[in-house]
K.L.:
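One structure, as structure tokens, below. Some questions next.
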Amino acid sequence: MAQIIDGKAIAARLRERVAAETAVFREETGVTPHLAAVLAGEDPASAVYVRNKQRACEKAGLRSTSHRLEDGASQEELLALVERLNADADVHGILVQLPLPEQIDETAVLDAVSPLKDVDCFHPENVGLLSQGRPRFQPCTPAGCQHLLTEAGVSTEGAHVVVLGRSEIVGKPMAMLMLQKGEGANATVTVCHSRSRDLAAITRQADILIAALGKPRFVTGEMVKPGVVVIDVGINRTDDGKLVGDVDFASVTTKASAITPVPGGVGPMTIAMLLQNTLTAARLQVNGSSPAPEQRASGSTGRRSPPGG
Ligand code: GUN
């Protein structure tokens, strides 16, 4: 039977570490890191996610404020709000919860967030820095997956990591993180998606499989090789109201060496990484400094190496 990777416990430890670092930062600077969460529209799931993120901030000693716009809000209203938050020296991190109402151009809004306050790591400047191996912020969900692997003692060095899904939020930045030089990365990475031919032939080659395609129980036992480590990013609600991942836990767990559950796997890690990024944003704006050494050590993707390898 597979080892169950306990994301709840691992995230709790990370949140405690951020809380301790935040307390030191506040003592040294007199500043409390402040996350502004923007919620546009009435999507009930988004409202729950934002509330959970704000609660986690407060428990870790960070300040959080929420900024709500109704469903019919215009793009101009949302851009004006983002500009106001960009200009507010008291706000260190800005999170615009997705999805946005359909009349709003998501790219235009995400591009408008100041790159120094972009705690989701969605701004093209931050995506570029990440892809060059010198991240300013860690993309929350992918960095959470990487942290789970590290904490579970899974070596990624030279491993074949197959990422299933090519979204801007998870699949693409996940592949970028695992490809970097350094500890917790150095992997051989394949990205596959809904248009890939013979998906199962690719997923069966994975030493580590990261499923992030948003299809309930898509990955079955026949699609993985014995001993695989499986990270399930999916959060899908079935018709009977149950939360399930992108992985068919029952059949995959009999073959895997380690697997994350849903819920209690990747989900809590995303929030913990958001807290970490909010502290990083406050440090950048108050001290003008890069992240503390502890953060670099956790992801190690920031290490520069000579070209060529
Ligand atoms: N919606 C679903 N996941 C995310 C996320 O990681 N960040 C934001 N801003 N919105 C989301």
Side-chain angles (χ1 to χ4, degrees), residues 7 11 14-15 34-57 62 64-69 73 78-79 81-82 85-86 91-102 104-115 117-124 126-127 130 135-148 163 165-177 210-215 231-237 243 245-246 262-263 265-278 280-281 299:
L14 182 55
R15 288 199 310 270
H34 175 182
L35 175 74
V38 175
L39 179 59
E42 313 296 332
D43 181 41
S46 288
V48 172
Y49 290 142
V50 167
R51 202 174 325 124
N52 288 343
K53 288 170 182 179
Q54 291 201 274
R55 238 181 243 155
C57 275
L62 292 90
S64 85
T65 50
S66 89
H67 305 264
R68 298 195 69 135
L69 292 177
L78 187 43
L79 287 172
L81 172 59
V82 168
L85 296 171
N86 281 343
V91 169
H92 305 105
I94 301 172
L95 171 129
V96 180
Q97 185 66 28
L98 304 178
L100 292 171
E102 60 183 18
I104 290 173
D105 176 353
E106 192 173 288
T107 305
V109 172
L110 297 181
D111 284 1
V113 172
S114 160
K117 300 189 179 189
D118 171 36
V119 286
D120 264 320
C121 197
F122 289 164
H123 193 282
N126 290 324
V127 176
L130 171 71
R136 178 185 277 143
F137 295 110
Q138 304 277 346
C140 296
T141 300
C145 295
Q146 187 183 39
H147 193 73
L148 286 176
V163 179
R166 55 175 163 173
S167 69
E168 303 297 336
I169 298 187
V170 186
K172 280 193 204 170
M174 186 77 243
M176 221 32 104
L177 272 187
I210 302 176
L213 74 167
K215 291 191 180 153
I231 305 289
D232 189 351
V233 183
I235 303 177
N236 310 287
R237 206 169 278 282
L243 272 191
D246 290 349
V262 176
V266 174
M269 297 303 298
T270 301
I271 296 185
M273 287 295 167
L274 175 70
L275 303 186
Q276 171 101 70
N277 280 347
T278 304
T280 298

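Please read all numbers here as calculations on a predicted model, not as lab measurements. Whatever order the structure lists them in is the order used to number ligands and atoms, beginning at 1.
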K.L.:
Kindly write out the residues that satisfy side chain to side chain contact (heavy atoms under 4.5 Å, CB included) with Leu98, not counting sequence neighbours, or none if the list is empty.
P.N.:
Leu100, Glu106, Leu110, Phe122, Ile169
K.L.:
Identify which of Thr270, Ile94, Asp120 has a heavy atom lying nearest to atom 5 (C) of ligand 1.
P.N.:
Asp120
K.L.:
Given 3.5 Å as the limit, does a donor-acceptor pair link the side chain of Lys117 with the main chain of Val91, or not?
P.N.:
yes
K.L.:
What residue and heavy atom of the protein are closest to atom 1 (N) of ligand 1, and at what distance?
P.N.:
Leu98 O, 3.0 Å
K.L.:
Name all residues meeting the side chain to side chain contact (heavy atoms under 4.5 Å, CB included) criterion together with Pro263; count only those two or more places apart in sequence or in a different chain, and write none if there are none.
P.N.:
Leu243
K.L.:
Students should be able to answer this: which protein heavy-atom is nearest to atom 3 (N) of ligand 1, and at what distance?
P.N.:
Ile169 CD1, 4.4 Å
K.L.:
Identify the protein heavy atom lying closest to atom 11 (C) of ligand 1, giving its residue, its atom name and the separation to 0.1 Å.
P.N.:
Gln97 NE2, 3.4 Å
K.L.:
Quickly, which of Leu95, Leu35, Val119, Asp118 forms a side-chain contact (heavy atoms from CB on, under 4.5 Å) with Asn277? Name it, please.
P.N.:
Val119
K.L.:
Leu79 pairs by side-chain contact (heavy atoms from CB on, under 4.5 Å) with which of Ile104, Val109, Asp105?
P.N.:
Val109
K.L.:
If the cut-off is 4.0 Å to any non-hydrogen atom of Val96, which atoms of ligand 1 fall inside it?
P.N.:
8 (C), 9 (N)
